[in-house]
S.K.: 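Sharing a structure here in structure tokens format.
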Amino acid sequence: MGDSEALELTKRLERVERDVRRYRVALAVLGLVVLAAGILKAARPAGASGTPAVIQARKFQVVDGAGRVRAGLGMIGDDVGFALLDEAGKARAVLGMLGDDVALELSDKAGKLRAGLGNIDLHSPTGSTEHRAASSLVLFSEKEKVLWKAP
């Protein structure tokens, strides 16, 4: 391997590691939000301060100051998903449950899949599909080619 190839590979790996750190922060924030919601629900008995004990809906959306949807939680048929969207409305982080399969997909600002965790499907140029196990992690290049996968 030449010096330029090694340098390019090092740069790509640094970008992937930086993206993974960002996604970990986003997931940590999501976890804290879920934890806080659970703590608030437990700390507030049903009917306290006129607060309903249960709120039900098929879809929830969080909008920014300009009214753009930035996060959503909802049902699509019998499946459920949570998505974080950028200012352009592109889903950048999606956590979904399709049947018994659970997957987390992280995309770049162009909307291209960059990382997948869990039960994701890998589509090859030949048209075949590889369904990944729940314990799998796959990292993709900017051209949506598999860089690394495990197991």
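Count residues from 1 along the sequence. Side chains are part of it too, since the values below use all heavy atoms of this structure and drop only hydrogens, waters and symmetry mates.
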S.K.: When you measure from the side chain of R132 to the backbone N and O of P151, does any donor-acceptor pair fall under 3.5 Å?
M.R.: yes

S.K.: Using the rule that Ile, Leu, Val, Met, Phe, Trp and Tyr join whenever any side-chain heavy atoms are under 4.5 Å apart, tell me whether M75 and L84 fall into a single cluster.
M.R.: yes

S.K.: Considering all heavy atoms of both residues, which atom of R12 and which atom of L147 are nearest to each other, and what is their separation?
M.R.: NH2-CD2, 2.5 Å

S.K.: Under 4.5 Å between side-chain heavy atoms, counting indirect links through other Ile/Leu/Val/Met/Phe/Trp/Tyr residues: same cluster for L113 and L98 or not?
M.R.: no

S.K.: Side chain to side chain donor-acceptor pair (under 3.5 Å) with K149: which residues, sequence neighbours excluded?
M.R.: E130

S.K.: So do F82 and V94 actually touch side chain to side chain, heavy atoms under 4.5 Å?
M.R.: no

S.K.: In the structure I gave you, are the side-chain heavy atoms of V102 and L95 within less than 4.5 Å of one another anywhere?
M.R.: yes

S.K.: Mind checking side chain to side chain contact (heavy atoms under 4.5 Å, CB included) for A103 and listing every partner two or more places apart, or none if nothing turns up?
M.R.: I120

S.K.: Applying the side-chain contact (heavy atoms from CB on, under 4.5 Å) criterion to L117, which one of L139, V138, L104 satisfies it?
M.R.: L104

S.K.: By side chain to side chain donor-acceptor pair (under 3.5 Å), which residues pair with T129, not counting sequence neighbours?
M.R.: H123

S.K.: Could you give the side-chain donor-acceptor pairs of residues 54-71 under 3.5 Å, partners two or more places apart or in another chain?
M.R.:
from	atom 1	to	atom 2	distance (Å)
R58	NH2	G77	O	3.3
D64	OD1	A66	N	3.0
D64	OD1	G67	N	3.1
D64	OD1	R68	N	2.9
D64	OD2	R68	NE	2.9
D64	OD2	R68	NH2	3.0
R70	NE	L85	O	3.0

S.K.: Taking salt bridge (Lys or Arg N to Asp or Glu O under 4.0 Å) as the cut-off, I'd like each qualifying pair that reaches into residues 112-121, sequence neighbours left out, listed once.
M.R.: D108-R114

S.K.: Can any side-chain N or O of D78 pair as donor or acceptor with the backbone N or O of G99 at less than 3.5 Å?
M.R.: no

S.K.: Tell me, which pairs form a salt bridge (Lys or Arg N to Asp or Glu O under 4.0 Å) where one or both residues lie in residues 80-90, sequence neighbours left out?
M.R.: D86-R92

S.K.: Would a distance-only check, ignoring hydrogens and angles, find a side-chain to backbone donor-acceptor pair under 3.5 Å from S136 to G118?
M.R.: yes

